[in-house]
Amino acid sequence: MPPTTTPAIRRFVHFYLACLLALLGWALSAGAQAPVPAGVQVSGAGLAQAVRVSPAQLAKLPRQQVVRPDHDGQSHTYSGVALYAVLTAAGAELSPAKLPGKGMAHYVQVSAADGYQAVFALAELSSDFAPRTVLLADRCDGQPLPDKSGPYQIIVPEEKKMGRCVRQVQALRIVAAQP
Ligand SMILES: Nc1nc2c(c(=O)[nH]1)N[C@H]1C(S)=C(S)[C@@H](COP(=O)(O)O)O[C@H]1N2
Ligand SMILES: [Mo]
């Protein structure tokens, strides 16, 4: 900078450069953050490798509804697809005839964006065994789920507490219980 520049101009140039640097830093960090892949990942028993079930594939599955109260006792109508149907859409072979031990000791581990997890026995999810449908919901009262819960939330009908209504579901893993 020429020695003739006034301190005011110098301060302005410094401020301008600092802003540019801050902007560059922000742009780099935003670019470095890998976007969360859409859909739900399914892996584990019955699958050779992890499979991502895309939103488009989920949209093609038969839709079902579950009415259940929320944390505050208010009743809501959730809609989505049966969790079991998501596993089979991923290509998992889950019939009792095909799984070791008839699949009666298999469970599904659900993982969320925040690391929260819950498990369901595979038989709890199958309509051959369970009289109720555990849902992978994407709508509540006709609206897409709020960011805090969506895009996908497990909805368990009738269960008194909501601990297994996992919000922001990202992955499902089918596991055989160890002897
Ligand atoms: N991803 C995720 N899902 C979650 C939880 C959580 O901490 N993380 N908490 C569970 C619990 S203990 C409850 S009671 C319900 C409802 O919580 P909310 O009322 O804050 O939505 O979400 C369940 N699903
Ligand atoms: Mo809870």
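Given the structure is predicted, the values throughout are model-derived calculations rather than measurements. All ligand and atom numbering here is 1-based and tracks the order in the structure.
- Taking any N or O of C165, backbone or side chain, at least one lies under 3.5 Å from an N or O belonging to ligand 1.
- When every heavy atom of L47 is checked against every heavy atom of A92, the shortest pair comes out as CD2-N, 3.6 Å.
- At a heavy-atom distance under 4.0 Å, atoms from both the backbone and the side chain of R167 approach ligand 1.
- Using a 4.5 Å heavy-atom threshold, the side chains of F129 and P96 count as touching.
- Against a heavy-atom cut-off of under 4.0 Å, A112 is close to the following atoms of ligand 1: 1 (N).
- Taking a cut-off of under 4.0 Å to the non-hydrogen atoms of V166, the atoms of ligand 1 that pass are 3 (N), 24 (N).
- Looking only at protein heavy atoms, the nearest one to atom 16 (C) of ligand 1 is M162 CB, 4.0 Å.
- Within the structure, the closest approach of Q153 to ligand 1 does not fall below 4.0 Å when heavy atoms are considered.
- Between the side chain of E93 and the backbone N or O of G91 there is no donor-acceptor pair closer than 3.5 Å.
- Counting only heavy atoms from C-beta outward, the side chains of M162 and R167 never approach each other to under 4.5 Å.
- Residue D147 places its CG atom among 12 or fewer non-hydrogen atoms of other residues, nucleotides or ligands, all under 6.0 Å distant.
- Nearest protein heavy-atom contact of atom 10 (C) of ligand 1 is Y116 OH, 3.4 Å.
- With Q143 contributing its side chain and C140 its backbone, the two residues share no donor-acceptor pair below 3.5 Å.
- Taking each of D114, I154, V110 in turn, the one with a heavy atom nearest to atom 2 (C) of ligand 1 proves to be D114.
- A donor-acceptor contact shorter than 3.5 Å is absent between the side chain of T133 and the backbone of L135.
- The contact set between ligand 1 and K148, taken as ligand atoms under 4.0 Å from a residue heavy atom, comprises 18 (P), 20 (O), 21 (O).
- Regarding atom 19 (O) of ligand 1, its nearest protein heavy-atom neighbour is H71 ND1, 2.9 Å.
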